[in-house]
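Heads up: the structure comes next, in C-alpha cells.
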2 protein chains.
Amino acid sequence: MTVRLPAVKSPAELTELFRQEGLKITPQRVSIFRVLHDNLDHPTAESVYDTVRQEMPSISLRTVYQTLNDLASMGEIGQLDLGTGSARFDPNLDSHHHLVCDTCGKVIDIYADFDDVRLPRRQLQGFRVAATEIVFRGQCPDCSARADRATR
Amino acid sequence: MTVRLPAVKSPAELTELFRQEGLKITPQRVSIFRVLHDNLDHPTAESVYDTVRQEMPSISLRTVYQTLNDLASMGEIGQLDLGTGSARFDPNLDSHHHLVCDTCGKVIDIYADFDDVRLPRRQLQGFRVAATEIVFRGQCPDCSARADRATR
DNA sequence: TTTCTTTCTAACAATCGTTGCAGTTTGAGG
DNA sequence: CCTCAAACTGCAACGATTGTTAGAAAGAAA
Ligand SMILES: [Mn+2]
Ligand SMILES: [Mn+2]
Ligand SMILES: [Zn+2]
Ligand SMILES: [Zn+2]
C-alpha cells in the first residue's frame, strides 16, 4: 500500500489544453475551470453551477454540463457515479479511491494503492480492464453523531 | 484471496420472508421473485418488468419498482449504481465484486476476497465503513471485438 | 480595426429513470 | 362469504441530464 498526492490542473493549464484543441476560451469556461480547481469535494454539476453563478449570474446550467462533459471526455476531470442521485465530478487526476457517506453523500479521497486488487486472467473472461475503482461506503462522523442523537 | 459461491434466495424463501414481515403474497410478487431467482445478470427494473410481463401482462412497472425497493430495503437483494443509466438489482447476497463493461453495460460477478483492501484508522477520519465495493471497469470481449472491427 | 468564420451560450423543450398519488382491487383472517 | 388494510394500476410529477437552435461572442484574417 503506497501513498500518493493529489494532482489538480490549474485554470491556466486547462485553458491551454482547450486552446490546443481549437476550442474557444470563454469567460464561462474559465470560471468553471477556476471553480473546479479549488473544489476538492467532488461537486455535482448543480453545485458547480451555484458557485459559478456567484460571479457570473447569467450562466446557464446547460453550459456547465457541457463544459464538464467536455473536460471529462478530454480526460481532464473524472466523473463518479456513486448512486447519490447525480454525477460527481473529480478534478483530481491521480488514480485514487473513495470513501462515501451513504447518509449525506459526502465523498472523501483515499490516496492509496491496493496492489493486491488485480484479477487473475482466469476471472477476466476476456475482459480488458481499464480501471479499478474501490468505494468504501459507510457513515461520516457527522451523520453517525446525528444518528446516535436520534436513538437516544 | 479466497474464492466463494453465489447465494440467491428462492421464490419460496422470499415468500416466507414476506409472510413473516406481515406482507401479502400476491401473484405479482411471486412472479417477480421467480424472475429474480434465475436472473444472474443484474437486471434493471425495466428488464424485470419485461420478463414478468410475459406471464402477467397486466403488471405495472410501478409494482416492479415497489417490490424491488421492498426487497432491497429488507436486505434481500442488492442494488448497484454503476453509472449505466439505471439501477441494477442483484439477487446474489454473497458479498462479492463486479466487472463492468463501460461500453454495453454488462455486469459480471467477481467472487473473491481482497483481504488487502482495508483502511488504516488513520485514513478513516472517523468514518464507519459498512461495505467495500470494488468495480473493475473495461470492455467485454464482444465490445472489444466490435471496436476492433470498426478500426479496421 | 473591421470583417469573416466558427464555436459557444442561453433558453427552452424533451427524455429518462424513478417516485408520488388516487382510485380500484384483492389477500387473508374472522 | 365479509371486511378492510394493504397492494395494485395508471398516470402525473420529479430530478438529472441532454437535444435543439437562434443569436452572441471569440479568434483568425485582412
Ligand atoms: Mn476523488
Ligand atoms: Mn453481483
Ligand atoms: Zn454523512
Ligand atoms: Zn460490452
Side-chain angles (χ1 to χ4, degrees), chain A residues 11 14-33 35 42-50 52-53 55-74 77-89 104-105 107, chain B residues 11-12 14-33 35 42-53 55-74 77-90 105 107:
Chain A
L14 292 178
T15 295
E16 188 46 36
L17 280 161
F18 264 54
R19 216 188 295 280
Q20 279 168 27
E21 296 272 332
L23 302 174
K24 296 186 172 168
I25 311 306
T26 67
Q28 288 87 343
R29 285 174 170 174
V30 174
S31 185
I32 292 168
F33 296 165
V35 169
H42 309 82
T44 62
E46 190 83 33
S47 90
V48 171
Y49 176 56
D50 287 341
V52 170
R53 223 168 6 157
E55 56 180 37
M56 183 178 288
S58 69
I59 196 172
S60 77
L61 179 56
R62 188 67 183 84
T63 297
V64 174
Y65 271 107
Q66 186 67 56
T67 303
L68 291 174
N69 287 343
D70 291 346
L71 284 166
S73 66
M74 290 167 64
I77 62 176
Q79 179 169 356
L80 309 174
D81 286 288
L82 299 168
T84 48
S86 35
R88 317 284 296 242
F89 294 88
C104 70
V107 179
Chain B
L14 292 179
T15 295
E16 188 47 35
L17 280 162
F18 265 53
R19 215 189 294 281
Q20 280 168 25
E21 296 272 334
L23 301 174
K24 294 181 175 169
I25 311 306
T26 67
Q28 288 90 342
R29 285 173 170 175
V30 174
S31 186
I32 292 168
F33 296 164
V35 169
H42 309 82
T44 62
E46 189 83 33
S47 92
V48 170
Y49 175 57
D50 288 341
T51 309
V52 171
R53 222 166 10 153
E55 57 180 35
M56 182 177 288
S58 68
I59 196 172
S60 78
L61 177 58
R62 189 67 185 81
T63 297
V64 174
Y65 270 107
Q66 186 67 52
T67 302
L68 292 174
N69 287 344
D70 290 347
L71 284 166
S73 66
M74 291 167 63
I77 62 177
Q79 179 171 354
L80 309 174
D81 286 288
L82 299 167
T84 48
S86 34
R88 317 284 296 243
F89 294 89
D90 192 345
V107 179

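Chain letters run A, B, ... following the sequence lines, proteins first and then strands; every chain starts at 1. Values reported hereafter were calculated over all heavy atoms of this structure, with side chains retained and with hydrogens, waters and symmetry mates removed.
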Rounded distance in Å - OH (B:Tyr65) to C1' (D:dC11): 15 Å
Proximity to the side chain of B:Ser86 - top-ranked nucleotide from C:dA10, D:dT17, C:dT18: C:dT18
Sugar-phosphate, base or nothing in reach of B:Gly22, heavy atoms under 4.0 Å: nothing
Nearest-angstrom distance from the residue atom CG of B:Asp81 to P of C:dC16: 19 Å
Of the listed nucleotides D:dG27, C:dT18, C:dT9, the one nearest the side chain of A:Ile25: D:dG27
Interatomic distance, B:Leu61 CG vs C:dG20 P [rounded to whole Å]: 14 Å
Interatomic spacing from CG in B:Leu23 to OG1 in B:Thr67 - rounded to 0.5 Å: 10.0 Å
Euclidean distance, atom CD1 of residue A:Ile59 to atom P of D:dA25 [Å, nearest integer]: 14 Å
Atom-to-atom span, CZ of B:Arg29 to P of C:dT25 - whole angstrom: 19 Å
Among C:dT6, C:dT18, C:dG27, the one nearest A:Lys24 by side-chain distance: C:dT6
Phosphate OP1/OP2 of D:dC8 contacted by B:Ser60 side-chain N/O (<4.0 Å): no
Interatomic distance, B:Phe18 CZ vs D:dA6 P [rounded to whole Å]: 15 Å
Sub-4.5 Å side-chain heavy-atom contact between A:Asp70 and A:Arg29: yes
Distance under 6.0 Å and angle within 45° of ring axis: B:Arg53 vs B:Tyr49: yes
Side-chain heavy-atom pair B:Ile77, B:Phe33 within 4.5 angstrom cut-off: no
Residue A:Thr26, side-chain atoms from C-beta onward, closest of D:dG27, C:dT9, C:dT19: C:dT9
A:Asn69 vs D:dT17: side-chain N/O to OP1/OP2 distance below 4.0 Å: no
Flag for B:Glu55-B:Ser31: side-chain donor and acceptor within less than 3.5 Å: yes
Nearest-nucleotide comparison on DNA chain C, the residue closer to the 5′ end among B:Leu23 and B:Arg62: B:Arg62
D:dT9 phosphate, OP1 or OP2, under 4.0 Å from B:Gln28 side-chain N/O: yes
Nearest-nucleotide 5' precedence on DNA chain C, B:Pro27 against B:Thr44: B:Thr44
Length of the line joining A:Glu46:CD and D:dG15:P, which is rounded to integer Å: 10 Å
Phosphate-side-chain proximity, B:Gln66 and D:dA6, N/O vs OP1/OP2 below 4.0 Å: no
Length of the line joining A:Arg53:CZ and C:dA11:P, which is rounded to integer Å: 11 Å
